[in-house]
Amino acid sequence: MTKTYGFDTLQIHAGSRPDPATGARQTPIYQTTAYVFRDADHAAALFNLQEVGYIYSRLTNPTVAVLQERIATLEGGVGAVCCSSGHAAQIMALFPLMGPGKNIIASTRLYGGTVTQFSQTIKRFGWSAKFVDFDDLAALEAAVDDDTRAIFCESIANPGGYITDLDAISGVANKVGLPLIVDNTSATPYLCNPIKHGATLVVHSTTKYLTGNGTVTGGAIVDSGKFDWSASGKFPSLSEPEPAYHGLKFHETFGPLAFTFHSIAVGLRDLGMTMNPQGAHYTLLGIETLSLRMERHVANARKVAEWLENDPRVEYVTYAGLPSSPYFDRVEKICPKGAGALFTFAVKGGYDACVRLVDSVELFSHVANLGDTRSLIIHSASTTHRQLSPEQQRAAGAAPNVVRLSIGIEDADDIIADLDQALAKATA
Ligand SMILES: *Cc1c(COP(=O)(O)O)cnc(C)c1O
């Protein structure tokens with residue numbers, strides 16, 4: 001697949017070719033666990049990573065491989081690895097970089113589940129995270145120490161739709177010689193290409209816009225292929241001999257594909273956070289219409305945000321696509337096709353009014369999800385960000401008087417009418 005095709009073409013064709021056995025035009029669901037070796041030499045070459053091929057579906061599967069190539073192409077990376085969820089992708093992204101005692105620097109503005117994963121769960125591996133306001137570049141740089149192994153942020157960040165200045169953040173990452181990992185879930189490669197702004201790795205929850213219709217969970221890690229894993233001696237999993245593969249050095253052997261090969265040959269092999277072929281099929285179907293959906297998501301979000309901003313029952317709206325947003329200037333630079341479809345607004349009447357609002361919507365679904373064709377609403381402070389302290393909630397943009405919207409692709413007038421009637425009940 002040549003890179004000269006446009007996005008709309010690549011989202012349908014990248015990675016897929018008619019099935020060589022049957023001519024099937026749509027990518028078949030290869031529902032198989034194992035693959036027959038040609039002979040004993042073939043098996044040995046595959047197990048030694050001397051030949052690329054299929055062994056066992058915990059590591060590789062042809063349906064999943066098409067999705068991996070498609071996501072890598074859309075993001076402008078050299079390779080991608082899919083896994084069972086977005087959270088699995090985050091662990092898989094950190095796994096080759098980290099070790100006991102090592103830390104990452106993460107933005108305060110993150111998906112609530114990611115804050116919990118980074119502030120609590122990764123401690124069980126001996127890893128830790130320091131949370132910093134990524135608008136404060138000096139604080140970011142000052143937080144880096146000898147044990148820091150990565151910098152992590154979201155391009156369009158949960159829950160407020162805050163836009164990260166990826167150029168500035170990658171500038172700091174380059175200066176301190178660390179990889180920058182960007183969660184591009186809320187933007188998708190249609191709105192933002194973090195690799196163009198200096199990201200080393202891009203992670204996705206494919207559960208959201210890439211699949212697009214709330215059917216399956218999945219994740220992906222895309223490698224830019226641009227980071228020198230051997231330069232600092234800080235990434236021995238990639239630069240030093242790997243005992244499980246007869247002392248093979250991933251970076252020396254696979255060059256820019258070192259991270260991708262390691263994620264399959266060691267990460268998926270031993271952590272087992274594998275995407276199943278049925279899940280990959282749903283996501284492949286979804287990606288075919290990504291640009292069309294994102295255009296409508298963005299257009300609807302802009303209309304709804306403008307309407308809310310002018311409503312007297314609303315205190316403020318955080319949508320970065322509004323000229324009133326402090327991040328409006330970053331839209332042009334970071335995501336010129338639009339500021340996404342995820343934002344929050346504050347309801348006059350505080351926590352109780354927010355709870356009444358989510359109980360009063362009819363078209364909106366009150367769910368812990370985003371990036372669905374359907375419009376979704378959630379009161380973060382009582383749900384996704386419930387585990388956080390009030391200071392963490394406020395820093396994350398999930399204050400008690402705030403609800404988060406994920407604007408769907410229904411008729412904008414219907415979305416607005418539903419919010420209108422629900423706000424009437426919430427603030428009565
Ligand atoms: C949903 C989400 C995740 C977690 O993904 P899962 O597929 O639910 O595990 C991570 N980051 C962001 C930005 C998300 O929206």
Side-chain angles (χ1 to χ4, degrees), residues 64 67 71 75 80-94 104 106-122 129 131 134 150 152-164 166 181-192 194 199 201-222 271-276 279-280 282-283 286-287 294 297 301 318 320 334-335 339-344 367-372 374 376-378 380 383-385 387-388 396-398 404-408:
V64 178
L67 179 61
I71 294 174
E75 284 289 5
V81 179
C82 284
C83 41
S84 51
S85 70
H87 269 4
Q90 292 169 190
I91 295 298
M92 288 276 295
L94 294 178
I104 60 169
S107 168
T108 47
R109 299 179 186 85
L110 294 175
Y111 178 73
T114 303
V115 177
T116 308
Q117 187 186 53
F118 287 174
S119 61
Q120 310 293 334
T121 304
I122 64 171
F131 293 92
F134 273 34
F152 187 101
C153 62
E154 295 176 3
S155 48
I156 300 182
N158 264 277
Y162 156 93
I163 295 177
T164 307
L166 295 176
I181 306 174
V182 177
D183 181 338
N184 200 32
T185 299
S186 308
T188 82
Y190 182 66
L191 298 180
C192 176
L201 303 172
V202 178
V203 293
H204 275 283
S205 167
T206 60
T207 313
K208 313 295 169 51
Y209 293 106
L210 292 185
T211 305
N213 41 37
T215 45
V216 286
T217 66
I221 311 121
V222 184
L271 300 177
M273 300 167 162
T274 307
M275 177 181 277
N276 68 76
Y282 285 118
T283 305
I287 286 190
M294 292 315 291
H297 278 295
T318 62
I334 305 294
C335 44
L342 187 73
F343 60 89
T344 59
V367 298
N369 191 20
L370 60 95
D372 197 323
R374 295 153 195 80
L376 312 176
I377 189 167
I378 196 156
S380 302
T383 55
T384 52
H385 288 60
Q387 319 298 339
L388 276 56
R404 185 189 76 188
L405 302 180
S406 170
I407 300 297

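Atom set for the values below is all heavy atoms of this structure, side chains included, hydrogens, waters and symmetry mates excluded. We count ligands from 1, going down the list as the structure has it; atoms in each ligand are counted the same way. Throughout, residue positions are numbered sequentially from 1 according to the sequence presented.
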Between K208 and Y111, is there a side-chain heavy-atom distance shorter than 4.5 Å?
yes
Backbone, side chain, both or neither: what part of L370 comes under 4.0 angstrom of ligand 1, heavy atoms only?
side chain
Check: T344/T318 side-chain N/O donor and acceptor closer than 3.5 Å
yes
Hey, which atoms in ligand 1 end up nearer than 4.0 Å to a heavy atom of S85?
7 (O), 9 (O)
Atoms of ligand 1 under 4.0 Å from any heavy atom of G218, numbered from 1 in the order shown, are 7 (O)
Close side-chain approach of L110 and F118, heavy atoms under 4.5 Å
yes
Distance-only, no hydrogens or angles: does the T207 side chain make a donor-acceptor pair with backbone N or O of G218 under 3.5 Å?
yes
Checking a contact table here: which protein heavy atom is nearest atom 6 (P) of ligand 1, and how many Å away?
G86 N, 3.3 Å
Please confirm whether H87 comes within less than 3.5 Å of ligand 1 when only nitrogen or oxygen atoms on both sides are compared.
yes
Does F152 reach the side chain of D183, with side-chain heavy atoms less than 4.5 Å apart?
yes
Is there a side-chain contact between R109 and E154 (heavy atoms, below 4.5 Å)?
no
Around atom 11 (N) of ligand 1, find the nearest protein heavy atom and jot down its residue, atom name and distance.
D183 OD2, 2.7 Å
When rounded to the nearest 0.5 angstrom, what distance separates CE in M275 from CG in L67?
5.5 Å
Among all the protein's non-hydrogen atoms, which is closest to atom 7 (O) of ligand 1, and how far away is it?
T207 OG1, 2.6 Å
Which is closest to atom 2 (C) of ligand 1 by heavy-atom distance: H204, Q90, K208, Q117?
K208
Using a strict cut-off of 4.0 Å, indicate which atoms of ligand 1 neighbour a heavy atom of N158.
13 (C), 15 (O)
